[in-house]
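Here the structure is laid out as structure tokens; the discussion comes afterwards.
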Amino acid sequence: MAPTIAITGSASGIGAAIAKLYAAKGYNLVLSDSATAVLKSTTEYIQSQFPAVQILSQPTDVSKLSELESLRDAALAKFKTVDLLVLNAGVHGNYKTEEFGWWGNPEGMRKLFDVNLYGIVNGISAFLPTLRAQAKTGATSRVVITISKQGISNPPGNPAYNASKAAIRFLGEQLSYDMKDENVKVHMLAPGWTYTGMVGGSPGIYIDSVHGAKKPEGAWSPDQVAEYMDEGIAKEHAYIICPDNETSSETDKIRFEWSAGDITTPRLPLSRWRPEYKDEYATFDAARRK
């Protein structure tokens, strides 16, 4: 029997690209998203490209545990197993108020956390018993959690998004530790600048060819992220930190190291973006590249 991958947030962007990649690999697909019309369109497109692949497509609000439990039950009824779970659903949010920015809209922050944080909590709660049971038979079960580099280096501008992604990174680390004696592998996918509907691209599986929007030179496509994730899984990497066409893996490492130093040095928070640390950071960056 073909293996099965279940993906939340699979109507467009990275989730849709992952679905397309694993359809090409012969996996059964469990696709879910709250964007019902786009999910239907993407499902039909993938099915047309890979007619032999079996697909379960189900609209799902990840902020509701009951809907993820329903998705799990439907997946098991159709495919018997879920070998790879990709918890990818997320929102960027634009809930700023004119006077106080994010800090004036706690309800907006709550909505973002309901999807970005509790969508992961709910997904783990719904699917983990199944993954653990499968692991006891000797089969390897895997979970991929889409975090973000913004949840590591924490750039200014969107505190709720950054905090939600930092929170799920910690959840992923804790889950990885808790599963250390079981055959459940946990991977944390941190995309770089990726041109999706979340950051200005048109929604859908192929931004350039279907919607006519042109990807900026510096950004990666969702397909590149999906392929990098697949390579990281094959290498058993717990952290799959994607570069992009502007930011190399070396640059990411330097930035992460500097951010950790805000605590250990100590410096003021988010020092990389403060003018008084500009020269010090430039010296640090240059030294790390020698």
Side-chain angles (χ1 to χ4, degrees), residues 7 9-10 12-22 24-25 84 86-90 92 116 120 142-158 161-162 164-166 168-170 172-173 176 185-202 205-208 213-262 270-273 278 281-290:
I7 312 164
S10 48
S12 61
I14 293 169
I18 293 170
K20 182 173 67 71
L21 175 64
Y22 278 79
K25 292 164 71 74
L84 173 55
V86 181
L87 298 174
N88 171 72
H92 198 259
N116 289 5
I120 303 298
R142 296 185 185 274
V143 181
V144 175
I145 298 172
T146 301
I147 58 172
S148 172
K149 289 194 282 192
Q150 287 183 233
I152 303 173
S153 58
N154 193 22
N158 197 331
Y161 179 81
N162 293 4
S164 71
K165 290 298 186 176
I168 62 175
R169 168 197 155 198
F170 288 146
E173 291 172 349
S176 176
K185 307 296 184 181
V186 180
H187 309 272
M188 287 161 282
L189 173 66
W193 181 17
T194 309
Y195 194 54
T196 68
M198 184 179 287
V199 295
S202 300
I205 191 165
Y206 283 123
I207 291 170
D208 288 346
K214 183 169 178 57
K215 179 184 73 63
E217 290 295 325
W220 264 18
S221 70
D223 286 340
Q224 287 175 288
V225 175
E227 290 163 3
Y228 199 84
M229 181 201 81
D230 189 51
E231 293 169 4
I233 290 173
K235 295 174 182 177
E236 297 289 353
H237 288 175
Y239 301 92
I240 305 174
I241 312 295
C242 300
D244 54 51
N245 294 334
E246 283 191 349
T247 305
S248 67
S249 295
E250 180 186 23
T251 296
D252 280 330
K253 291 175 183 178
I254 292 169
R255 289 174 176 177
F256 296 161
E257 184 180 353
W258 175 270
S259 293
D262 283 357
L270 308 189
S271 64
R272 184 158 66 90
W273 294 273
K278 180 180 179 180
Y281 177 74
T283 300
F284 176 88
D285 182 274
R288 290 299 185 273
R289 293 179 189 274
K290 289 182 179 178

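Numbers here simply count residues along the sequence, with the first being 1. Quick note: numbers below take in every heavy atom, side chains included, and nothing from hydrogens, waters or symmetry partners.
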Under the side chain to side chain contact (heavy atoms under 4.5 Å, CB included) test, which residues partner T251, sequence neighbours left out? T247, S248, R255, R289
How many angstroms lie between CD1 in I18 and CD1 in I7, if you round to the nearest 0.5 Å? 6.0 Å
Can you see which heavy atom on I240 is nearest to which on M229, and at what distance? CD1-O, 3.7 Å
Specify the closest pair of heavy atoms between D262 and L270, including all atoms of both residues, with the distance to one decimal. OD2-N, 3.2 Å
Short N-O contact, E257 and K253, less than 4.0 angstrom: no
Has N158 got a side-chain atom pairing as donor or acceptor with H92's backbone, closer than 3.5 angstrom? yes
Working note: L84 + V144, criterion side chain to side chain contact (heavy atoms under 4.5 Å, CB included); need CA distance, chi angles, decisive distance, verdict. CA-CA 8 Å; L84 173 55; V144 175; 3.9 Å; yes
Which value, rounded to the nearest 0.5 Å, describes the distance between I147 atom CD1 and N116 atom CG? 12.5 Å
Pairwise distance NZ(K165) to OG1(T146) - rounded to 0.5 angstrom: 6.0 Å
Would you say the side-chain atoms of Q224 pair up with the backbone N or O of S221, donor to acceptor, closer than 3.5 Å? yes
Those residues at least two apart in sequence (or on a different chain) that pass side chain to side chain contact (heavy atoms under 4.5 Å, CB included) with P155 are Q150, S153, N162, W273
With rounding to the nearest 0.5 angstrom, report the CG to OG distance, N88 to S10. 8.0 Å
Locate the shortest heavy-atom distance separating A89 from G9; write the atom from each residue and the value. CB-N, 3.7 Å
Pair Y22, D230 - check side chain to side chain contact (heavy atoms under 4.5 Å, CB included), show working. CA-CA 9 Å; Y22 278 79; D230 189 51; 2.6 Å; yes
For the student: nearest non-hydrogen atoms of D252 and P243, plus distance: OD2-CA, 4.3 Å
Nearest-0.5 Å distance, OG of residue S148 to CG of residue L189: 9.5 Å
Heavy-atom check, side chain of I152 versus side chain of S259, under 4.5 Å: no
Value rounded to 0.5 Å, distance of CZ in R169 from CD1 in I120: 15.0 Å
Is any side-chain heavy atom of P191 less than 4.5 Å from a side-chain heavy atom of Y228? no
Main chain of C242, side chain of K149: is a donor-acceptor contact present, judged purely on distance under 3.5 Å? yes
Residue pairs meeting ring pair (Phe, Tyr, Trp, His ring centres under 6.0 Å), one or both in residues 236-260, sequence neighbours left out, come to W258-Y281, W258-F284
Verify side chain to side chain contact (heavy atoms under 4.5 Å, CB included) between H187 and E236, making sure each step is shown before the conclusion. CA-CA 8 Å; H187 309 272; E236 297 289 353; 4.1 Å; yes
